[in-house]
Participant: 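Here's a structure for you.
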Amino acid sequence: MPKNFYVLPELPYGYVDLAPVMSEELLKIHHDKHHAAYVAGANAILEKMDKAHTGGAELDPKAELKALSFNIGGHVLHSLFWENLAPANNGGGGEPGGKLAEKIKEDFGGFENFKAGFIKIAMTVEGSGWAALTYCLKTNRLIPMQVEKHNTNLYPNFKIIMAIDAFEHAYYLDYKNDKARFFEAIWSVINWKIVDERYKQVASL
Ligand code: MN3
């Protein structure tokens with residue numbers, strides 16, 4: 001198989017479709033500029049790495065591997081994020097159903113508890129980062145994760161089933177410094193069907 005590069009995925013909905021939770025302008029900048037920059041950043045380092053591996057370029061491993069991790073992490077997390085959103089009342093919002101609903105009830109006592117806890121996780125991300133939900137197959141638990149920037153607190157091998165972007169660029173244009181309002185509003189565009197499918201896949205149910 002020939003080597004290739006990362007590609008910016010198209011959004012599974014239109015730029016206007018998540019308004020008013022995210023305005024057209026915010027979503028466009030977030031996807032076309034921020035996410036695109038992570039894709040371009042990762043690809044530029046991969047290209048340089050290809051050359052370095054065959055002796056045609058010099059690589060600064062510490063700096064460039066850190067940057068590669070940041071950019072690949074950004075690409076992967078944003079791809080998950082766009083997928084786990086959907087327009088309100090057209091796949092987005094409401095409460096999870098199916099197996100995921102049962103698991104949330106078992107682990108958190110119910111959706112409202114889970115939601116309140118997850119908002120706290122998003123609110124307390126320091127600087128730039130993500131609130132993410134993972135599932136641990138070994139201990140049969142939904143385990144939340146606070147991702148610093150795009151990579152620091154990852155549990156290796158744990159699959160993320162839901163992610164919420166807590167970088168300022170995810171809300172500032174629409175909400176200014178009031179991120180609490182963004183983390184409250186986002187629930188009306190969460191695509192629980194996708195999150196439930198990911199959960200069932202990871203937990204092999
Ligand atoms: Mn982002």
Side-chain angles (χ1 to χ4, degrees), residues 5-46 64-88 91-93 115 117-134 144-156 158-192 194-195 198:
F5 290 95
Y6 290 106
V7 177
L8 180 69
E10 298 244 336
L11 291 178
Y13 31 77
Y15 289 110
V16 297
D17 294 347
L18 299 185
V21 177
M22 291 179 213
S23 66
E24 179 183 11
E25 189 188 10
L26 183 144
L27 190 55
K28 225 175 199 162
I29 291 175
H30 198 170
H31 177 265
D32 295 7
K33 303 290 182 199
H34 290 280
H35 187 171
Y38 302 133
V39 172
N43 288 340
I45 298 167
L46 286 182
E64 276 166 314
L65 293 183
K66 193 173 173 192
L68 185 62
S69 161
F70 176 78
N71 283 296
I72 292 179
H75 170 53
V76 170
L77 283 162
H78 282 90
S79 300
L80 283 166
F81 181 53
W82 306 133
E83 254 183 34
N84 71 223
L85 299 178
K115 182 177 160 183
F118 208 77
I119 288 174
K120 255 186 219 161
I121 289 163
M123 283 296 292
T124 55
V125 167
E126 209 169 24
S128 297
W130 294 72
L133 183 66
T134 69
M145 177 158 82
Q146 244 181 6
V147 182
E148 285 183 32
K149 289 189 272 185
H150 292 152
N151 44 21
T152 319
N153 279 3
L154 294 175
Y155 309 131
F158 278 34
K159 294 267 192 288
I160 295 173
I161 61 169
M162 183 183 84
I164 293 181
D165 195 338
F167 274 58
E168 263 188 9
H169 71 224
Y171 58 85
Y172 206 84
L173 200 61
D174 291 350
Y175 298 83
K176 302 296 180 285
N177 60 329
D178 192 2
K179 63 181 174 184
R181 215 156 52 77
F182 172 64
F183 294 136
E184 201 47 65
I186 189 124
W187 299 88
S188 67
V189 292
I190 298 287
N191 184 341
W192 289 112
I194 292 277
V195 182
R198 284 185 192 149

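Start at 1 with the first residue, then count along the sequence. Atoms within a ligand are numbered from 1 in the order they appear, just like the ligands themselves.
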Participant: State, to 0.1 Å, how close Ala132 and Val147 come at their nearest heavy-atom pair, and which atoms those are.
Facilitator: CB-CG2, 4.5 Å
Participant: Show me the donor-acceptor pairs within less than 3.5 Å that the side chains of residues 119-128 make with the rest of the protein, sequence neighbours left out.
Facilitator:
from: Thr124; atom 1: OG1; to: Lys120; atom 2: O; distance (Å): 2.8
from: Thr124; atom 1: OG1; to: Ile121; atom 2: O; distance (Å): 3.4
from: Thr124; atom 1: OG1; to: Gln146; atom 2: NE2; distance (Å): 2.9

Participant: Identify the two heavy atoms, one from Gly91 and one from Ala86, that lie closest to each other, and give their separation to 0.1 Å.
Facilitator: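 So the two residues come closest at C-CB, 3.6 Å.
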Participant: Identify, by name, the N, O or S atom of His169 lying closest to the Mn ion (ligand 1).
Facilitator: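 Atom name returned: NE2.
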Participant: Kindly confirm whether the Mn ion (ligand 1) is within less than 2.8 Å of some N/O/S atom in His34?
Facilitator: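 It does not; every qualifying atom lies at 2.8 Å or beyond.
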Participant: Report the atom name of the nearest N/O/S atom of Asp165 relative to the Mn ion (ligand 1).
Facilitator: OD2
Participant: Which one of His169, His75, His30 satisfies the ring-ring contact (aromatic ring centres under 6.0 Å, His included) criterion with His35?
Facilitator: His75
